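This is a predicted model, so every value here is computed, not measured.
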Amino acid sequence: MTGYDRTKPLISIHVPKCAGSSLREVLMSWFGAGFFRHYHNEREGEAPMVFPLWDEDGVPTHSEPVCVHGHFNRSRRNGFERYYPYAEQLITVLRDPCEVQISNYFYVKEAADRGTPGAMTNGTVHEIVSNQWTLSDWLGRHHGSIFLPFLPEGTDVTNYREVLDDRFLYIGLAEHMDRVVEDLSDLLGFEPIPVPKLNAAARDETVDRDLRERFAANHPMDVAIFEHLLERFDSKLTAH
């Protein structure tokens, strides 16, 4: 992947509970009027809108730098290829997949207590709430990949390293958000700013080691993706 081209729209893929809300605030500050949101209206069950960022020949329509940030999720039929087939420039932030699901669980529970849209999915009450699941229930229910629906079409266990390394301008780790903003400021040509910490729900249950190990066994693809990114991150630190 070549460097960032300010004349072409940037697609920022927000995988839920991977510091995407914090990154959204940073990107909004940087891109200003060129920033667009891509999120379902979960309370009303409404899909994101499509912004006219390219013409019918694939030529960008905006003169200023543009970024679209949100939940580009192919399993919900709103992946970036479907919405923006001319998109070339991708960034995202990922996280330890077990921590992603743990964070999701506590976020939904807290949203239910507050009566906010985070407890809704596509117009209905989230299954964590409707089924009154415990954390153990939640972590044991889902065996499909967490990350795969947000990655480019055709990504699988045989090629995920190449996809991550070649298709993305940048992939950061939510565990190191200060470094993410520093890297992106260099890549995109903006001044670094403080990273806000948003949507971090309190945790009132513990996660034992056995539960984490069972989760990892049920999500080998996600674990492999995260370990690959950790290796890349460690190698960059060593290089510096």
Side-chain angles (χ1 to χ4, degrees), residues 8-28 31-62 65-95 97 100-101 103-105 107-112 114-131 138 141-142 144-156 163 167-169 171 174 198-199 201 222:
K8 298 179 180 179
L10 180 71
I11 301 296
S12 175
I13 300 173
H14 176 182
V15 179
K17 311 318 297 176
C18 289
S21 296
S22 298
L23 179 59
R24 181 179 67 225
E25 296 301 308
V26 173
L27 295 173
M28 285 176 61
F31 284 87
F35 180 87
F36 300 90
R37 296 165 60 97
H38 179 88
Y39 291 97
H40 263 78
N41 180 331
E42 300 294 0
R43 189 182 295 277
E44 303 298 330
E46 297 174 349
M49 68 177 294
V50 179
F51 298 101
L53 305 181
W54 287 266
D55 66 20
E56 60 184 13
D57 295 318
V59 178
T61 57
H62 286 67
V66 164
C67 174
V68 188
H69 174 86
H71 295 324
F72 288 97
N73 184 341
R74 286 186 287 108
S75 68
R76 302 191 71 180
R77 298 176 60 79
N78 67 15
F80 73 88
E81 291 104 338
R82 180 181 178 87
Y83 269 65
Y84 302 109
Y86 294 110
E88 300 174 5
Q89 304 191 118
L90 311 175
I91 63 172
T92 193
V93 175
L94 299 180
R95 181 184 185 184
V100 170
Q101 288 298 76
S103 183
N104 259 320
Y105 173 79
Y107 171 74
V108 170
K109 284 186 61 180
E110 186 174 278
R114 294 180 176 181
T116 57
M120 306 288 291
T121 300
N122 206 28
T124 62
V125 176
H126 197 287
E127 58 188 340
I128 289 174
V129 179
S130 62
N131 294 315
W138 170 242
R141 292 277 176 171
H142 297 275
S145 173
I146 298 166
F147 298 147
L148 199 57
F150 298 89
L151 299 180
E153 292 179 0
T155 306
D156 60 32
V163 171
R167 292 291 306 279
F168 284 83
L169 281 176
I171 302 179
L198 303 175
N199 285 346
D222 295 320

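Scanning all heavy atoms of the two residues, the minimum distance from Phe168 to Ile13 falls at CE2-CD1, 4.1 Å. A pairwise comparison of heavy atoms in His69 and Ser12 identifies ND1-OG, 2.7 Å as the closest pair. The shortest heavy-atom contact between Ile11 and Ala87 is CG1-CB, 3.6 Å. The two residues Met49 and Tyr84 have their closest heavy-atom pair at O-OH, 4.0 Å. Smallest separation of non-hydrogen atoms from Asn73 and Pro149: OD1-CB, 3.2 Å. Of all heavy-atom pairs spanning Val129 and Ala119, the tightest one is CG2-CB, 4.5 Å.
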Q | Residue pair Arg76, Asn122: steps toward the side chain to side chain contact (heavy atoms under 4.5 Å, CB included) verdict | A | CA-CA 10 Å; Arg76 302 191 71 180; Asn122 206 28; 3.6 Å; yes
(Q) Using side chain to side chain contact (heavy atoms under 4.5 Å, CB included), reason through Val108 and Trp138 one step at a time and then give a plain yes or no. (A) CA-CA 11 Å; Val108 170; Trp138 170 242; over 6 Å; no
Q: Under the side chain to side chain contact (heavy atoms under 4.5 Å, CB included) rule, what do Phe72 and Leu90 come out as? Steps first, then yes or no, please.
A: CA-CA 11 Å; Phe72 288 97; Leu90 311 175; over 6 Å; no
Q) So His71 and His40, side chain to side chain contact (heavy atoms under 4.5 Å, CB included) or not? Walk me through it. A) CA-CA 8 Å; His71 295 324; His40 263 78; over 6 Å; no
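For an aromatic pair to be called close, the ring centres must be under 6.0 Å apart, and His14 with Tyr39 satisfies this. Here Phe36 and His62 bring their ring centres to under 6.0 angstrom of each other.
Ring pair Tyr83/His38 is perpendicular by interplanar angle, where above 60° counts as perpendicular and below 30° as parallel.
Using a 4.5 Å heavy-atom cutoff, the side chains of Thr121 and Glu127 are not in contact. Two residues are said to be in side-chain contact when any heavy atoms from C-beta on lie closer than 4.5 Å; Leu151 and Ser145 fail this criterion. Thr92 has its side chain out of reach of Phe150: every pair of non-hydrogen atoms, C-beta onward, lies at least 4.5 Å apart. Using a 4.5 Å heavy-atom threshold, the side chains of Asp222 and Val100 count as separate.
Note that CG of Leu10 and CD of Glu88 are 12.0 Å apart. Values are rounded to the nearest 0.5 Å. Rounded to the nearest 0.5 angstrom, Arg167 CZ and Glu153 CD are separated by 9.0 Å.
Applying the side-chain contact (heavy atoms from CB on, under 4.5 Å) test between Pro9 and each of Cys67, Pro65, Pro60 identifies Pro60 as the sole match.
Although no hydrogens or angles enter the test, the distance criterion places no donor-acceptor pair under 3.5 Å between the side chain of Arg74 and the main chain of Gly79. A distance-only check finds a donor-acceptor pair linking the side chain of Gln89 to the backbone of Lys8 [under 3.5 Å]. Side-chain N or O atoms of Thr61 include one that pairs as donor or acceptor with a backbone N or O of Leu53 at under 3.5 Å. A distance-only check finds no donor-acceptor pair linking the side chain of Asp57 to the backbone of Val59 [under 3.5 Å]. A side-chain donor-acceptor contact under 3.5 Å links Arg95 to the backbone of Lys17.
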